[in-house]
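Atoms within each ligand, like the ligands themselves, are counted from 1 in listed order. Heavy-atom basis, side chains included; hydrogens, waters and symmetry copies ignored.
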Amino acid sequence: MLTILLIMAMIGQGQSWDSLGTSFITIFPENIAFYYPLSPVNALNITAVLPDTVVEVFISGQLPYTYTLLEGQPLTVTFSVGIEEYQFGEISQTVRISSTKNIVVQSISKKGDSVQTNVIQPWKNLGTVYTIPLLNYSQMINTFYQSARNISKRYNSFRLVIINGEDLINNVKIVKRSIEEIYTLSPFTALQLQTDGTETKIYSDYRVAVMLTHPCVETDECRCNMVLNQLYPDVQEDSRFVVPSIPNTSKFWLHVTSSVETSASGGDLESSTVDAYSSKLLSLPSLQLGSQFIHISNPASFRLVSPGIIIEPISQYRFSGCYLVTVSSTDAKALIIAETYYRDSVYIDNDLLLSTEWSTIANSVYSSVLVSFDDTHVIWHPSTKIGVYVFEKSTNVYGGPAISLSAKPDPSGCAVVPPEFDIIVTPQTWPESHQYCKLISDELFSPSNEDAQAEMADILNNEGMNERLWIGVRRSLMTLDWYRQKGKSSHNLTYTWWGTGEPGDAAKGMCASVFPNPSMDFLWETTNCCTKLKSICYTRAQYFTISKETAKHSNA
Ligand SMILES: *[C@@H]1O[C@H](CO)[C@@H](O)[C@H](O)[C@H]1NC(C)=O
Ligand SMILES: *[C@@H]1O[C@H](CO)[C@@H](O)[C@H](O)[C@H]1NC(C)=O
Ligand SMILES: *[C@@H]1O[C@H](CO)[C@@H](O)[C@H](O)[C@H]1NC(C)=O
Ligand SMILES: *[C@@H]1O[C@H](CO)[C@@H](O)[C@H](O)[C@H]1NC(C)=O
Ligand SMILES: *[C@@H]1O[C@H](CO)[C@@H](O)[C@H](O)[C@H]1NC(C)=O
């Protein structure tokens with residue numbers, strides 16, 4: 001048995017907040033938009049990123065529906081009317097999705113032309129500490145319309161939904177201004193409460209999903225829109241973000257909540273201070289002219305509110321390398337935010353986005369552009385992180401952040417499975433190492449450029465590898481020329497990182513190893529191929545492609 005150290009390339013790059021996962025949980029909140037009887041549509045759109053993904057959908061923990069998905073082929077699962085949860089208190093009617101490989105999941109709630117979509121966050125993005133924004137419904141409506149309105153008691157506040165993301169009993173503490181309330185949630189159940197504006201924090205023993213929802217936020221005379229806002233846990237709070245200009249919308253407010261006193265500035269925001277554990281609605285009068293860069297003195301929870309829509313801007317910290325964009329209407333737009341210097345390298349599927357419509361965002365390094373869309377696409381950048389939103393319009397505008405498929409930019413597209421390094425700790429000769437790497441991975445690793453060399457050095461340093469290792473570089477027995485051996489194929493060397501006096505002559509050796517030189521950047525050295533050394537195997541990244549074929553459905 002050989003000893004292997006398995007290392008993901010993501011090492012040392014911090015948490016990534018892409019929306020990929022194998023476990024998701026949500027509920028479908030009440031949608032009373034349009035008071036007259038009209039059948040609602042409550043559905044999930046599930047997209048697999050790898051072939052042959054088996055997906056199970058459980059309702060109230062009951063025997064699951066099972067589907068086998070092709071990569072990039074969205075599956076729509078539509079539910080009966082009874083899925084909507086209007087009860088308060090503990091509720092067992094949750095919808096749980098689990099899969100054998102990574103998927104992304106979006107929920108859609110539609111009644112008449114009131115539509116809400118939400119990217120359901122996977123288990124890995126849920127948290128145990130949340131700050132609750134104090135969304136005061138009557139204040140919000142009064143601010144929108146500058147007049148008092150009569151609101152029925154049942155609908156005069158937002159609802160707070162807390163969903164137990166674990167197969168365990170989960171104690172949830174809701175901290176209010178003067179008291180604390182403790183609730184015990186059974187595995188995969190939820191709690192729905194009417195907010196009264198005094199809730200400030202949630203602490204749970206295990207991970208929970210938290211949503212704020214309202215069945216019918218008034219937008220205009222006799223019209224309203226169901227609103228759903230899944231909160232991010234406190235660990236994801238950030239202080240810098242671009243607030244997107246939502247197309248076909250004229251009134252905007254930034255809603256800021258923080259656990260500490262904080263001040264907000266930037267864009268055309270009046271500089272203002274928000275007290276600890278309080279919230280403010282800050283007007284953004286000219287946001288309709290273009291997106292704005294906002295800065296907050298302390299990490300805070302913030303959302304963009306406008307009549308009938310609440311969205312959580314993608315903070316700078318949560319920008320990603322690649323997004324999936326799916327739309328359901330013919331009037332859909334993607335708002336792309338990229339660093340001005342790199343904005344001409346944004347790709348849509350396999351094509352560069354060549355646009356003259358980019359506009360720079362004041363006091364920031366960013367630019368934004370609005371692009372018309374149909375169908376399903378990926379938007380990605382080969383070297384820097386970008387932000388992407390999707391907005392659609394029926395009578396009301398709906399949408400929000402696009403689905404992040406991969407946090408880290410990759411020059412070849414959307415790397416939904418990052419590359420993987422395996423350090424083989426058992427010493428072997430170069431031919432043995434080469435054969436063994438082909439068996440367990442793609443190849444014995446050979447750095448092909450400066451970045452790859454630096455990434456390898458980082459990994460070896462992180463693992464405290466203070467010794468020599470084989471790489472996939474050797475010389476031809478016939479010509480003595482050096483080449484890279486990548487699995488079965490060989491390639492001329494276009495990049496080298498030889499130490500001083502290297503490469504040595506054929507008498508010194510026919511193979512190359514890396515050694516821990518004083519600056520620990522692992523220079524290359526000519527080595528006798530029969531020496532027994534540790535080695536580093538490499539599995540290439542896997543990329544997402546959109547499949548135009550029909551999905552194979554197998555209802556169990
Ligand atoms: C909500 O706002 C109204 C004013 O529109 C105010 O009278 C009320 O006290 C606020 N509620 C809370 C809990 O802050
Ligand atoms: C609100 O309802 C009360 C009682 O039904 C009524 O007297 C009042 O005029 C209404 N106010 C508005 C602003 O519609
Ligand atoms: C939305 O705004 C765009 C311009 O930004 C305009 O061309 C389009 O007609 C508007 N759509 C609707 C439905 O109002
Ligand atoms: C959900 O997927 C279906 C295809 O199964 C597609 O027609 C629809 O537009 C999608 N909805 C959204 C909101 O992306
Ligand atoms: C590799 O190098 C050899 C010798 O220098 C040369 O003849 C050959 O054309 C090169 N191959 C490629 C693909 O560049």
Side-chain angles (χ1 to χ4, degrees), residues 19 41-48 55 67 69-70 72-79 103-110 114-120 132-151 156-158 160 176-178 194-200 228 253 255 257 274-275 277-281 323-334 373-378 389-394 397-403 448 475-476 478-486 489-496 546-553:
S19 308
V41 176
N42 287 295
L44 292 175
N45 264 13
I46 304 175
T47 309
V55 176
Y67 309 88
L69 302 192
L70 297 174
Q73 174 66 58
L75 164 76
T76 304
V77 182
T78 308
F79 299 97
I103 56 172
V104 290
V105 184
Q106 197 177 23
S107 68
I108 300 136
S109 173
K110 190 166 183 290
S114 156
V115 190
Q116 279 297 305
T117 58
N118 179 47
V119 179
I120 302 177
I132 308 175
L134 313 176
L135 284 165
N136 180 334
Y137 185 68
S138 56
Q139 183 203 25
M140 222 172 83
I141 294 301
N142 294 346
T143 310
F144 289 170
Y145 302 105
Q146 283 149 8
S147 66
R149 294 199 173 195
N150 275 347
I151 299 160
N156 70 356
S157 68
F158 279 85
L160 178 65
K176 297 192 160 194
R177 288 264 167 74
S178 47
Q194 197 87 261
T195 57
D196 64 10
T198 63
E199 301 84 357
T200 57
L228 193 167
W253 288 266
H255 185 269
T257 306
V274 181
D275 296 337
Y277 292 113
S278 73
S279 291
K280 254 193 186 162
L281 270 177
Y323 295 84
L324 176 66
V325 176
T326 60
V327 304
S328 52
S329 66
T330 49
D331 189 7
K333 300 229 162 34
F373 256 92
D374 58 7
D375 215 357
T376 301
H377 298 275
V378 285
Y389 296 86
V390 193
F391 296 109
E392 301 192 61
K393 193 169 185 335
S394 51
V397 177
Y398 62 94
I403 305 170
S448 57
R475 64 198 334 167
S476 154
M478 262 121 43
T479 64
L480 300 185
D481 286 334
W482 288 94
Y483 64 92
R484 293 171 64 205
Q485 184 69 46
K486 278 169 63 71
S489 63
S490 42
H491 304 260
N492 285 352
L493 283 189
T494 51
Y495 167 83
T496 60
I546 294 165
S547 157
K548 302 288 177 196
E549 292 169 61
T550 336
K552 282 181 286 181
H553 294 182

### Message
Nearest 0.5 angstrom please: Asn42 CG to Gln116 CD, how far?
### Response
12.0 Å
### Task
Flag Thr117 as yes when one of its N or O atoms lies below 3.5 Å from any N or O atom of ligand 4, and as no otherwise.
no
### Query
Val104 versus Val119: any side-chain heavy-atom pair under 4.5 Å?
no
#### Entry: Numbering as shown, the atoms of ligand 4 that approach Thr76 to under 4.0 Å (heavy-atom distance)
1 (C), 2 (O), 3 (C), 4 (C), 5 (O)
#### Entry: Any non-hydrogen protein atom less than 4.0 Å away from atom 2 (O) of ligand 5
yes
### Query
How close does the nearest protein non-hydrogen atom get to atom 9 (O) of ligand 4, and which residue and atom is it?
Val327 O, 2.9 Å
### Task
With the side chain counted from C-beta on, respond yes when Glu392 and Val115 share a heavy-atom pair under 4.5 Å apart, and no when they do not.
no
### Note, Leu134 side chain near Arg177 side chain (heavy atom, < 4.5 Å)
yes
#### Entry: Sub-4.5 Å side-chain heavy-atom contact between Trp253 and Thr143
yes
### Query
Does any non-hydrogen side-chain atom of Asn45 lie less than 4.5 Å from one of Ile108?
yes
### Task
Kindly state if atom 7 (O) of ligand 4 has a protein heavy atom within a strict 4.0 Å cut-off, that is, under 4.0 Å?
no
### Message
Under a 3.5 Å threshold, yes or no: a donor from one side chain and an acceptor from the other, between Asp196 and Thr198?
### Response
yes
### Query
In terms of atom number and element, which parts of ligand 4 are under 4.0 angstrom from non-hydrogen atoms of Thr326?
14 (O)
### Query
Relative to the heavy atoms of Ile108, which atoms of ligand 4 are at a distance of less than 4.0 Å?
11 (N), 13 (C)
### Message
Nearest non-hydrogen contact with atom 14 (O) of ligand 5 belongs to which option: Asn492, Leu493, Thr494?
### Response
Asn492
### Task
Determine if the distance from atom 11 (N) of ligand 1 to the closest protein heavy atom is below 4.0 Å.
yes
### Summary
For Asn136, the atoms of ligand 1 under 4.0 Å from one of its heavy atoms are 1 (C), 2 (O), 3 (C), 8 (C), 10 (C), 11 (N), 12 (C), 14 (O)
#### Entry: Ser279 vs His255 side-chain heavy atoms within contact, under 4.5 Å
yes
### Task
Using a strict cut-off of 4.0 Å, indicate which atoms of ligand 4 neighbour a heavy atom of Ser328.
9 (O), 11 (N), 12 (C), 13 (C)
### Task
Any chance you could lay out the side-chain hydrogen bond (donor to acceptor under 3.5 Å, both in side chains) test for Asn492 and Thr494, step after step, and finish with the verdict?
CA-CA 6 Å; Asn492 285 352; Thr494 51; over 6 Å; no
### Contact atoms of ligand 1, heavy-atom distance to Gln139 under 4.0 Å
2 (O), 5 (O)
### Task
Find all atoms of ligand 4 within a distance of less than 4.0 Å from any non-hydrogen atom belonging to Pro74, and give their numbers and elements.
5 (O)
### Message
Quick check on contacts: which atoms of ligand 4 are under 4.0 angstrom from a heavy atom of Gln106?
### Response
14 (O)
### Query
Can you find an N/O atom of Glu392 closer than 3.5 Å to an N/O atom of ligand 4?
no
### Query
Would one find an N or O of Asp196, backbone or side chain, under 3.5 Å from an N or O of ligand 1?
no
### Task
Evaluate the side-chain proximity of Leu44 to Ile120: yes if any heavy-atom separation is below 4.5 Å, no if none is.
yes
